[in-house]
Amino acid sequence: MYMVVSFRNAHVLHDSPRSSQSPPPSGSQGDIELELLGLANALYNLGTTVINDSTKERDKPAGGKQVGVRANEVVYHLTTIDDMAQNIQTMIPFQVLQDIDNARNPMQLTKERLERAATENQFMNGKIAAIDSYRRLLNEALAKNFPDTAEYLHPKPSIKEPTDT
């Protein structure tokens, strides 16, 4: 026998990508999120029950052992998630799963990658500015030393006239 618990109004996880007060998304994505919350809660309950059973409740009569019930709750949630997965076509990048397995928070990784991209972008913008500055100085020096080439080195901006089409 195992207990089925509804987590429709539960907001257990604080590392959720959205605010803890916001409702879950509608449809199958919301249902799977709630089921995952239920699984997380069931795993936590199983862990605390195992700890309690292996330490202070060792001497209690048979009524103190709840590990089987808690394990059944975990199996129930895993089965439900497996059944729900048949109807969900969302693909998760393998790198994200590896990061989770390596105890790295995907949100933190995303933040780090965005910061790295911004830093590299600033670096490249600096290189582009340096090249533009060099080209301007080179063109000025060439125009000064070879006045015949000035018109080719400093082309006049052409204004494109609208075409009648």
Side-chain angles (χ1 to χ4, degrees), residues 1-135 157 160 162-163 165:
M1 177 177 136
Y2 51 89
M3 176 176 34
V4 177
V5 181
S6 173
F7 289 95
R8 283 277 174 210
N9 297 318
H11 300 289
V12 177
L13 296 179
H14 297 290
D15 288 339
S16 177
R18 58 187 169 75
S19 170
S20 63
Q21 297 302 315
S22 65
S26 60
S28 59
Q29 184 180 357
D31 293 341
I32 195 118
E33 183 173 331
L34 292 172
E35 196 60 40
L36 287 168
L37 284 170
L39 174 62
N41 191 36
L43 286 167
Y44 175 80
N45 290 339
L46 176 62
T48 56
T49 302
V50 167
I51 297 296
N52 288 339
D53 279 358
S54 66
T55 58
K56 60 186 171 193
E57 295 184 11
R58 199 177 296 156
D59 298 328
K60 277 193 169 183
K65 300 277 183 184
Q66 295 290 322
V67 174
V69 172
R70 300 292 188 206
N72 284 339
E73 288 176 13
V74 170
V75 170
Y76 169 77
H77 285 289
L78 289 171
T79 303
T80 304
I81 290 169
D82 189 50
D83 292 341
M84 293 171 118
Q86 305 305 318
N87 302 321
I88 295 178
Q89 300 300 320
T90 303
M91 301 300 290
I92 299 171
F94 188 70
Q95 181 65 40
V96 171
L97 298 175
Q98 284 181 326
D99 291 339
I100 292 170
D101 283 346
N102 294 329
R104 298 197 66 196
N105 184 343
M107 297 296 281
Q108 183 63 32
L109 287 171
T110 301
K111 179 182 172 197
E112 290 170 4
R113 288 178 182 145
L114 285 174
E115 289 172 352
R116 181 177 175 190
T119 301
E120 289 177 7
N121 188 19
Q122 289 176 345
F123 181 72
M124 288 306 295
N125 285 340
K127 281 185 168 185
I128 291 169
I131 290 171
D132 286 343
S133 174
Y134 174 75
R135 182 179 57 211
K160 289 188 178 182
T163 57
T165 54

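Both backbone and side-chain heavy atoms feed into the values below; hydrogens, waters and symmetry mates do not.
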> Applying the side chain to side chain contact (heavy atoms under 4.5 Å, CB included) test to T79, which of I81, D83, D82 qualifies?
Replying inline: D83
> About how many Å separate CG of N45 and CZ of R70, when rounded to the nearest 0.5 Å?
Replying inline: 4.5 Å
>> So which atom in H77 and which in A42 form the shortest heavy-atom distance, rounded to 0.1 Å?
In response: CD2-CB, 3.7 Å
Give the table of side-chain donor-acceptor pairs shorter than 3.5 Å for residues 114-125, with sequence neighbours excluded, one pair per line with atom names and distance.
unit_1: R116; atom_1: NE; unit_2: E120; atom_2: OE2; d: 3.0
unit_1: T119; atom_1: OG1; unit_2: E115; atom_2: O; d: 2.9
unit_1: N125; atom_1: ND2; unit_2: N121; atom_2: O; d: 3.4

> Looking at L46 and A71, what are the two nearest heavy atoms and their distance?
Replying inline: CD1-N, 3.8 Å
Could you list the donor-acceptor pairs under 3.5 angstrom formed between side-chain atoms of residues 90-102 and any protein atom two or more places apart in sequence or on another chain?
unit_1: Q95; atom_1: NE2; unit_2: D99; atom_2: OD1; d: 2.9
unit_1: N102; atom_1: ND2; unit_2: Q98; atom_2: O; d: 3.1

>> Keeping S133 on the side-chain end and A129 on the backbone end, is there a donor-acceptor pair under 3.5 Å?
In response: no
> Is there a side-chain contact between L36 and E33 (heavy atoms, below 4.5 Å)?
Replying inline: no
> Taking only residues two or more places apart in sequence, or in another chain, which ones meet Q29 in a side-chain contact (heavy atoms from CB on, under 4.5 Å)?
Replying inline: P25
>> Rounded at 0.5 Å granularity, tell me how far CG in L34 sits from OG1 in T80.
In response: 12.5 Å
>> For D132, give me all partners under side-chain contact (heavy atoms from CB on, under 4.5 Å), at least two apart in sequence or on another chain.
In response: I128, R135
> Of all residues at least two apart in sequence or in a different chain, which pass the side-chain hydrogen bond (donor to acceptor under 3.5 Å, both in side chains) check with N87?
Replying inline: none
> Got a sec, which residues hit side-chain contact (heavy atoms from CB on, under 4.5 Å) with S26, two or more places apart in sequence or on another chain?
Replying inline: none
>> Using 0.5 Å steps for rounding, measure from the CD1 atom of I51 to the OG1 atom of T48.
In response: 8.5 Å
